[in-house]
Protein chains: 2
Amino acid sequence: MDDDQLSRVFAALAEPTRRDIVARLTVGDATVGQLAAPYDVSVQAVSKHLKVLEDAGLVSRSRDAQRRPCHLEAEVFDLMTKWIERYRRRAEERYRRLDTVLAEMDDEVDGATTTNRSNPRERGAP
Amino acid sequence: MDDDQLSRVFAALAEPTRRDIVARLTVGDATVGQLAAPYDVSVQAVSKHLKVLEDAGLVSRSRDAQRRPCHLEAEVFDLMTKWIERYRRRAEERYRRLDTVLAEMDDEVDGATTTNRSNPRERGAP
DNA sequence: TCCGTTCTCAACCATCTGGTTGAACACGAA
DNA sequence: TTCGTGTTCAACCAGATGGTTGAGAACGGA
């Protein structure tokens, strides 16, 4: 499923448990055991979740004796934010243009059949 | 894998093809056939992708004869943005606090007992 | 050294996912 | 009505995913 990092980040956060872990890590670093405690899944399962988060670049781990403290790498959020904002902006811009076009159309035509009014600047012919 | 809508949205965007489709839809509504054209997968595969996007609330479809024009529902982006911003803000805040604490500690102690101080100022506070 | 703790690796299992193909449905045009 | 186009449904397949259990690795402390 994953190709680039963006895919891995989205995929990593598509899991309530993992989002929960990320949320927990915003409070402070934590060991695997501490992170696993609230859930009734095995420690191994949480370890796997952490591997997913680590592969996505969302979490880094250091070493402290047997423990592996997990640390949130919040800059990765920017990757998503940038992608989202880029297209949201584009979409909003389009709606603005669309509104203008529709206003003009309403002046000239009394658009009875408006099923297709969603793509005004795109010729329908395939 | 999916529970809530947030999970579905993240999962939907964890796929390059689907992100591509979303990007394409910011330009304007499009039919399944139009969306499928650029890819060398079957129309059915794209139809499935659109179902995933629709279940996530990212896309809505109307009807135009045999065609099912797809429309981007960009407000759903806010769901993600809100989640991301919430925790990023919290994380940044924490780094700020951590820096303060560490500065104080550097004054008094030569860091012995602190399990957590792994590598605090790697990603310097903004 | 051996012991207990923390964590990961390996094997396994059930389910989900993204792709395929072929058939069927929905509709406009002839 | 019949035909062609656009789309979805159904069955299937290979591979990923999230969970389990059991064994083992890494380490501090006795």
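Here is how names work: the chains are called A, B, and so on, in the same order as the sequence lines, proteins then strands, and each is numbered from 1. Predicted, not measured: the structure shown is a model, and the values here were computed from it.
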Specify the separation, in whole Å, of atom [atom1] of [X] and atom [atom2] of [N].
X     : N      : atom1 : atom2 : answer
B:Q44 : D:dG6  : CD    : P     : 14 Å
A:D64 : C:dT5  : CG    : P     : 17 Å
A:E15 : C:dT17 : CD    : C1'   : 15 Å
B:L13 : C:dT17 : CG    : C1'   : 16 Å
B:K51 : D:dT8  : NZ    : C1'   : 10 Å
A:D55 : C:dT8  : CG    : P     : 12 Å

If you measure only the distance, is there a donor-acceptor pair under 3.5 Å linking the side chains of A:D4 and A:S7?
->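 Looking only at side-chain atoms, A:S7 and A:D4 do form a donor-acceptor pair, the distance falling under 3.5 Å.
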If only atom types and distance count, is the side chain of A:R63 paired as donor or acceptor with the main-chain N or O of A:A65 below 3.5 Å?
->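 A pair under 3.5 Å: yes.
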[X] side chain N/O closer than 4.0 Å to the phosphate oxygens (OP1, OP2) of [N]?
X     : N      : answer
B:H49 : C:dT17 : no
B:S47 : D:dT7  : no
A:R67 : D:dA26 : no
A:T17 : D:dG18 : no
A:R63 : D:dC27 : yes
B:R18 : C:dG18 : yes

Which residue lies more 5' along DNA chain D, comparing B:G33 with A:V41 via nearest heavy atoms =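 Of the two residues, B:G33 wins.
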Distance-only donor-acceptor test, B:Q34 side-chain atoms vs D:dG6 base atoms, 3.5 Å =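 By the distance-only test, no, there is no pair.
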Classify the side chain of A:Q66 and the base of D:dG29 as holding, or not holding, a donor-acceptor pair under 3.5 Å.
->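 A donor-acceptor contact between them is absent.
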Do B:V59 and B:I21 come close enough that some side-chain heavy atom pair is under 4.5 Å?
->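 Result no, sub-4.5 Å side-chain heavy-atom pair not found.
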If you measure from the Lys or Arg side-chain nitrogens to the Asp or Glu carboxylate oxygens, is any gap between A:E93 and A:R96 under 4.0 Å?
->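 Salt bridge: no.
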